[in-house]
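Atoms within a ligand are numbered from 1 in the order they appear, just like the ligands themselves.
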Amino acid sequence: MEEKKKKIILAADHAGFELKEKLKEVLNESEVPFDDLTPKFDKEDDYTDEAFKAARKVVKDKTQGILVCGTGIGMCIAANKVKGAMAAMAYDEKTARLSRQHNDANILCLGARTTEEGEAVKALKAWLTTRFLEGRHAIRVNKIKEFERG
Ligand code: RB5
């Protein structure tokens, strides 16, 4: 039986909304299923609420998430407060790829005001297709997980 692909969780605040819409197009073109938790633009929204909601769903569904705000930084800080979230701030294709290879990040944070659209698209594609390298990187990632467990 064919395994059903898990949906990627998407969320953005007002500053990240437009880039998030572009990333949705890319996911659609690549036939990657997703669940957009911020389907409507709201100029008053706060990145914190979007990040908490999305990170909780990523952890609950054991899937991956893409969060976009102005810099990506606020989303990343907030998402990492959720147990099980391993959110990585990426600025380009290289940092996105490394966040999968070395850190096993389950959430990619991008900044619409800091990364131009073409680079963000490259970062997204690299992130989705790059696997965790395990080995010595797993030892380090497990230390983070142990620390979180307390
Ligand atoms: C919103 O103006 C902006 O502060 C937010 O999108 C983000 O950049 C925070 O880190």
Side-chain angles (χ1 to χ4, degrees), residues 6-133 137 140-150:
K6 286 193 175 169
K7 287 183 184 170
I8 301 283
I9 305 304
L10 283 180
D13 72 350
H14 55 280
F17 190 86
E18 208 180 305
L19 178 57
K20 186 261 299 171
E21 290 297 293
K22 175 66 196 176
L23 301 181
K24 259 163 77 170
E25 280 174 29
V26 175
L27 294 176
N28 274 324
E29 282 161 17
S30 316
E31 295 182 5
V32 174
F34 62 84
D35 190 357
D36 182 2
L37 303 190
T38 319
K40 287 199 186 108
F41 180 79
D42 174 3
K43 69 178 187 343
E44 305 289 340
D45 64 8
D46 296 322
Y47 63 82
T48 43
D49 304 320
E50 305 307 316
F52 296 147
K53 180 172 62 179
R56 283 191 177 118
K57 188 141 176 67
V58 165
V59 174
K60 183 171 169 274
D61 295 356
K62 296 188 171 61
T63 183
Q64 294 177 308
I66 315 288
L67 304 182
V68 192
C69 66
T71 59
I73 296 170
M75 283 289 202
C76 195
I77 294 171
N80 277 319
K81 299 296 176 192
V82 173
K83 253 193 177 172
M86 294 281 285
M89 182 62 232
Y91 294 93
D92 49 26
E93 185 179 358
K94 185 173 183 179
T95 46
R97 191 184 300 287
L98 282 166
S99 78
R100 288 288 312 128
Q101 289 178 330
H102 289 200
N103 313 110
D104 200 19
N106 57 7
I107 296 176
L108 172 69
C109 301
L110 293 167
R113 294 172 180 160
T114 53
T115 298
E116 62 91 22
E117 190 182 277
E119 191 63 39
V121 168
K122 283 192 212 163
L124 171 71
K125 288 183 175 171
W127 196 77
L128 290 175
T129 54
T130 303
R131 296 176 75 90
F132 182 40
L133 290 177
H137 304 294
R140 295 157 188 165
V141 165
N142 282 335
K143 285 186 181 182
I144 297 172
K145 291 181 178 170
E146 268 169 40
F147 184 87
E148 188 178 60
R149 280 194 289 269

Handout entry: NZ/NE/NH1/NH2 to OD/OE distance under 4.0 Å, Lys145 and Glu148
Key = no

Practice task
Output yes when Lys24 and Glu21 qualify as a salt bridge under the 4.0 Å nitrogen-oxygen rule, no when they do not.
Solution key: yes

Handout entry: NZ (Lys53) with more than 12 external heavy atoms under 6.0 Å
Key = yes

Exercise for the section: Record the part of Asp13 in heavy-atom contact with ligand 1 below 4.0 Å; permitted values are side chain, backbone, both and neither. Expected result: side chain

Exercise for the section: Assign the ring pair His102 / His137 to parallel, tilted or perpendicular, where the plane angle (0 to 90°) is split at 30° and 60°. Expected result: parallel

Show the atoms of ligand 1 that are less than 4.0 angstrom away from any heavy atom in [X].
X     : answer
Tyr47 : 5 (C), 9 (C)
Gly70 : 5 (C), 6 (O), 7 (C), 8 (O)
Ala15 : 6 (O)

For [atom], the protein heavy atom that lies nearest, with its residue and separation:
atom                    : answer
atom 7 (C) of ligand 1  : Cys69 SG, 3.4 Å
atom 2 (O) of ligand 1  : Arg113 NH1, 3.4 Å
atom 8 (O) of ligand 1  : Thr71 N, 2.9 Å
atom 10 (O) of ligand 1 : Gly74 N, 2.9 Å

Exercise for the section: Would you mind telling me which of Leu67, Ile66, Leu37, Ile107 makes a side-chain contact (heavy atoms from CB on, under 4.5 Å) with Ile9? Expected result: Leu37

Exercise for the section: State whether the side chain of Lys20 and the backbone N or O of Thr38 hold a donor-acceptor pair below 3.5 Å, judged by distance alone. Expected result: yes

Practice task
Report yes or no: does a heavy atom of His14 sit under 4.0 Å from some atom of ligand 1?
Solution key: yes

Handout entry: Nitrogen or oxygen of Gly72 less than 3.5 angstrom from that of ligand 1
Key = no

Practice task
Taking all heavy atoms of Leu110 and all of Ala90, pick out the closest pair and write down the distance.
Solution key: CD2-O, 3.5 Å

